[in-house]
Asks: 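The structure is given below, and queries will be raised subsequently.
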Amino acid sequence: MAERAAAPEGPLTGDLPEVLAERLAAMGEPPYRARQLFRAFHAEGRLDPQSITTLPAALRERLAQEAPPATTLKEAQEAADGTTKLLLGLADGRAVESVLIPENDRVTVCVSTQVGCPIRCIFCASGVRGLLRNLTPAEIVEPLIHARARLGKRPTHIVLMGMGEPLLNLDAVVQAIRIWTHPDGMGMSPRRITVSTALTPQRIDALAAADLGVNLAVSLHAPDDVTRAELVPGSPVGRVKALVEAAARFATTTRRDATVEYVLIDKLNDQPAHAEALADVLEGLPIHVNLIPFNPVSHRPDLAPPSGLAATGFARRLAERNVSVTLRTQRGEDIAAACGQLALERALGEDD
Ligand code: SF4
């Protein structure tokens, strides 16, 4: 009896075409099958091998058995404003989130890069349990396939701002970006991908050196080192000035956008003095500021969103100091759209 070809060992969605071809060759499949499969996953948004009818039935059956997807859609919650949160189950029983954010003619998908997060921002549910593990490239990539299936069309933008610190899982993040931007797959422009970080200037320089063509968002949330140590306790201390200088270097050397993300929390960082201090740090640098009113989280009932007056006043003060600024509206308030909140609630529910 002929010996059966080797099994592919795990999901195939996190592989670039060349590696996919090698793994399929080990199964006795010709190279063109890799192109078919890569296209089906990433251009057509088919995650279930049984749905890829361009493949022979026997191969579909084998892939469904031996290389199932890395993620399964456990739950989807849609808010009144169209924001949709997906809870994705992983093979080890853990879960991560992805959020779909429609806005006019664009749909942004917010993607996670780790289970949990070591940065532990006080306003974020993802950091409550610290870091549990890095996600694999397949686990980072697949939310886009789920999103596409749900939307019935290709998302227009990707932000790596979900659970986790992307630059602590850089190899997997780089692979995911290469898959999303591959012309035989989704063909997403890197200009439409933004990587966020709360880490160090050195990590930002390393991202610039990787020459991916993506945009950068620095999770700053405070105008000075003392306030930042309180709000972002897992980030290296004493870094506000060095971080914004690294962001400015990123913008200059890569010619891509660099933004500062600043979650406004009542009293803690939304006062006029905070706005003036932030303007002092950013004045003259090629950095845009996104102000995001805090979205309440169940584990911190003591934190409140800024008043409307405080938020608009903060934005006005920055603009008066010639700092480019956008005041974002709260999204998905009715579905716990704050980062990591649904996964935390489900995880705590399972622990009970
Ligand atoms: S906001 Fe981002 S960096 Fe901060 S704890 Fe949450 S996932 Fe981590």
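We count ligands from 1, going down the list as the structure has it; atoms in each ligand are counted the same way.
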Asks: With a heavy-atom distance limit of 4.0 Å, tell me whether C121 approaches ligand 1 through its side chain, its backbone, both, or neither.
Replies: both
Asks: Hey, are the side chains of L100 and E78 touching, using non-hydrogen atoms and a 4.5 Å cut-off?
Replies: no
Asks: With backbone taken as N, CA, C and O and side chain as the heavy atoms from C-beta onward, which portion of M161 lies under 4.0 Å from ligand 1: side chain, backbone, both, or neither?
Replies: neither
Asks: Could you tell me whether the side chain of R256 and the main chain of L212 form a donor-acceptor pair under 3.5 Å?
Replies: no
Asks: Checking ring-ring contact (aromatic ring centres under 6.0 Å, His included) against Y262, which of F314, F123, F294 comes through?
Replies: F314
Asks: Which ligand 1 atoms does G164 reach within 4.0 Å, using its non-hydrogen atoms?
Replies: 7 (S)
Asks: Whether D184 and R35 form a salt bridge (side-chain N of Lys/Arg under 4.0 Å from carboxylate O of Asp/Glu) is what I want to check.
Replies: no
Asks: As a check for students: among G162, G127, G130, P233, identify the option with a heavy atom nearest to atom 7 (S) of ligand 1.
Replies: G162
Asks: Check whether any N, O or S atom of C124, backbone or side chain, sits closer than 2.8 Å to atom 6 (Fe) of ligand 1.
Replies: yes
Asks: Could a heavy atom of R120 be found less than 4.0 Å from some atom of ligand 1?
Replies: yes
Asks: Are the ring centres of H182 and F38 closer than 6.0 Å?
Replies: yes
